[in-house]
Amino acid sequence: MFPGFVCSAPVQTLGTNEVHLWLIRVDEILRRKCLNSLLPLLCTEEQQRMESYRSEARQQLFVVGRSALRLILSALITGTTPESLRFTTSSHGKPALQNNTSQLQFNLSHSHDAVVIAVTRGAAIGVDVEFMKARPTMADIAQHYFHRQEWHSVKQAIESGDKRHALQQFYKVWALKEAFIKAEGRGMAIPGDSFYFHPIDTPSPAMALTDDITTDATHWHFHHQFVDSQYSVALALNATGCEDKLIIKQRQLSPGLSVWAS
């Protein structure tokens with residue numbers, strides 16, 4: 001379970017300046033024996049993609065993520081079912097709803113046995129979850145991919161000898177960067193050292209740009225948290241035009257509630 005996240009079935013309301021952040025644990029789905037009831041929610045293309053994965057664990061992760069996404073989005077669109085939703089992808093692979101008259105924007109991420117889904121209206125959004133496992137190449141990755149200011153904070157944490165702090169610093173930066181890149185929509189066309197976050201030791205750091213990225217850093221809102229002492233979760237939202245305070249509602253899908261029907 002995720003402390004602080006309210007157990008819920010998919011909800012039918014999404015307010016102005018509101019983000020719903022959903023967390024799902026694959027091990028809980030398997031324990032409740034709900035997986036077989038979720039597979040029919042996927043379209044033929046998704047089922048074929050699932051079957052292409054050799055690992056059973058990877059197949060299970062894909063089924064849970066895609067079916068949960070369909071359940072959540074269909075609850076917010078009047079007159080639709082999870083099976084009826086159709087998706088498209090941008091030239092850089094970012095998924096979106098076809099015929100999106102509801103203006104719903106979403107993003108999905110998964111790591112280990114956790115799936116994270118973020119949903120809002122009318123704003124570019126990205127989310128990332130990282131299982132915080134130790135990496136022998138952590139320092140090298142930070143040095144070559146992060147901005148020098150972020151690399152310096154990770155390096156200091158590593159040299160302090162506090163392995164837990166070093167792990168958290170690395171995965172916080174990593175998740176924030178991935179969330180922004182996914183929200184911005186151009187994928188790895190954005191160099192990792194062309195932007196950085198500051199101050200890094202806050203749950204809602206600001207972003208600074210160091211290269212010619214066609215966006216205004218002041219329009220972006222970021223949120224980060226550690227979950228269950230195992231996961232680093234980051235959210236990025238282009239809050240252009242948002243005059244009111246952003247509201248983030250944390251929810252956890254509870255399997256067994258009539259297949260999450262609202």
His20 vs Phe106, side-chain contact (heavy atoms from CB on, under 4.5 Å): CA-CA, chis, key distance, verdict:
CA-CA 9 Å; His20 289 178; Phe106 66 88; over 6 Å; no
Trp174 and Leu176: CA distance, side-chain angles, deciding distance, side-chain contact (heavy atoms from CB on, under 4.5 Å) verdict:
CA-CA 6 Å; Trp174 183 276; Leu176 284 164; over 6 Å; no
Mind running side-chain contact (heavy atoms from CB on, under 4.5 Å) on Ile190 and Glu184 for me, showing each step along the way?
CA-CA 9 Å; Ile190 301 177; Glu184 210 277 343; 3.3 Å; yes
Under the ring pair (Phe, Tyr, Trp, His ring centres under 6.0 Å) criterion, do Tyr196 and His198 qualify, and how do the steps go?
CA-CA 7 Å; Tyr196 66 93; His198 65 95; 5.7 Å; yes
Given the rule in the ring pair (Phe, Tyr, Trp, His ring centres under 6.0 Å) test, do Phe222 and Phe197 qualify, once you have shown the distances and angles that lead to the verdict?
CA-CA 9 Å; Phe222 298 93; Phe197 296 93; 4.8 Å; yes
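The closest donor-acceptor contact from the side chain of Ser55 to the backbone of Arg58 lies under 3.5 Å. Side chain of Ser8 to main chain of Arg251: no donor-acceptor pair is present (N/O by atom type, distance under 3.5 Å, no hydrogens or angles). Within the 3.5 Å criterion, the main-chain N or O of Thr202 finds a donor-acceptor partner in the side chain of Lys172. A donor-acceptor pair under 3.5 Å is absent between the side-chain atoms of Ser111 and the main chain of Tyr231, judged by distance alone.
The shortest non-hydrogen separation linking Ser90 to Gly185 is OG-O, 4.3 Å. Contact record, Leu35 with Ile29: N-CG2, 3.9 Å, taken as the closest heavy-atom pair. Summarising the geometry of Gln47 relative to Leu42, their closest heavy-atom pair is NE2-O, 3.2 Å, with the distance given to 0.1 Å. The minimum heavy-atom distance linking Leu235 with Ala118 is given by the pair CD1-CB, 3.7 Å. The two residues Ala183 and Gly126 have their closest heavy-atom pair at CB-N, 3.3 Å. Scanning both residues, Ser194 and Pro191, for their nearest heavy atoms gives OG-O, 2.6 Å.
The only option from Leu76, Ile125, Ile72 that meets the side-chain contact (heavy atoms from CB on, under 4.5 Å) definition with Leu104 turns out to be Leu76.
Under the 6.0 Å distance and 45° angle rule, Lys177 counts as a cation-pi partner of Phe195.
In Lys155, the NZ atom is not crowded: 12 or fewer heavy atoms of neighbouring residues, nucleotides or ligands sit closer than 6.0 Å. Heavy-atom neighbours of Arg148 CZ from other residues, nucleotides or ligands within 6.0 Å: at or below the threshold of 12. The local environment of CZ in Arg54 is sparse, with at most 12 non-hydrogen atoms from other residues, nucleotides or ligands closer than 6.0 Å.
The closest side-chain heavy-atom distance from Gln105 to Asn100 is below 4.5 Å. With contacts defined as side-chain heavy-atom distances shorter than 4.5 Å, the pair Glu28/Gln252 qualifies. The side-chain heavy atoms of Arg121 and Ser102, taken from C-beta on, include a pair separated by under 4.5 Å. Inter-residue side-chain proximity for His110 and Leu108 is flagged as met; some heavy-atom pair is nearer than 4.5 Å. No side-chain heavy atom of Val127 sits less than 4.5 Å from a side-chain heavy atom of Trp22. The shortest side-chain heavy-atom distance between Ser74 and Thr80 falls under the 4.5 Å cut-off. Between Leu237 and Leu246, the closest side-chain pair of non-hydrogen atoms falls below 4.5 Å. Side-chain contact between Met50 and Leu39 is present, with at least one heavy-atom pair separated by less than 4.5 Å.
One finds a salt bridge joining Arg25 and Asp228 here, because a Lys/Arg side-chain nitrogen approaches an Asp/Glu carboxylate oxygen to under 4.0 Å. A salt bridge is defined here as a Lys NZ or Arg NE, NH1 or NH2 lying under 4.0 Å from an Asp or Glu carboxylate O, and Lys249 with Glu18 meets this definition. Salt bridge present: Glu46 and Arg70 bring a charged side-chain N and a carboxylate O closer than 4.0 Å. Between Glu45 and Arg49 there is no salt bridge, since none of the side-chain N atoms of the basic residue sits less than 4.0 Å from a carboxylate O of the acidic one.
For Tyr53 and Phe62, the ring centers are positioned less than 6.0 Å apart.
Side-chain atoms of Asp162 and Ser160 form no donor-acceptor pair, as typed in the model, at a separation below 3.5 Å. Side chains of Gln169 and Glu150: a donor-acceptor N/O pair is absent below 3.5 angstrom, by distance only. Under the 3.5 Å distance criterion, with hydrogens and angles disregarded, no donor-acceptor pair is assigned to the side chains of His224 and Ser204. Neither side chain, Ser109 nor Asn107, offers a donor N or O lying under 3.5 Å from an acceptor on the other.
Summarising the geometry, atom CZ belonging to Arg32 is positioned 11.0 Å from atom CG belonging to Asp27; distances are rounded to the nearest 0.5 Å. In this structure, the separation between CD1 on Ile77 and CG on Leu97 is 5.0 Å, given to the nearest 0.5 Å. Considering SG of Cys43 and CG of Leu85, their distance stands at 10.0 Å, rounded to 0.5 Å. A distance of 5.0 Å separates CD1 of Ile117 from CG of Leu69, quoted to the nearest 0.5 Å. In this structure, CD in Glu51 is found 7.5 Å from CD in Gln59, a value given to the nearest 0.5 Å. The CG atom of Leu253 sits 9.0 Å away from atom CG of Leu23, with the distance rounded to the nearest 0.5 Å.
Residues Val116 and Phe131 fall within the same hydrophobic cluster, defined by Ile, Leu, Val, Met, Phe, Trp and Tyr side chains chained together at heavy-atom separations under 4.5 Å.
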Distance-only check: which donor-acceptor pairs under 3.5 Å involve side-chain atoms of residues 134-147, not counting sequence neighbours?
| unit_1 | atom_1 | unit_2 | atom_2 | d |
| --- | --- | --- | --- | --- |
| Arg135 | NE | Tyr171 | OH | 2.9 |
| His144 | ND1 | Asp140 | O | 2.9 |
| His147 | ND1 | Gln149 | N | 2.9 |

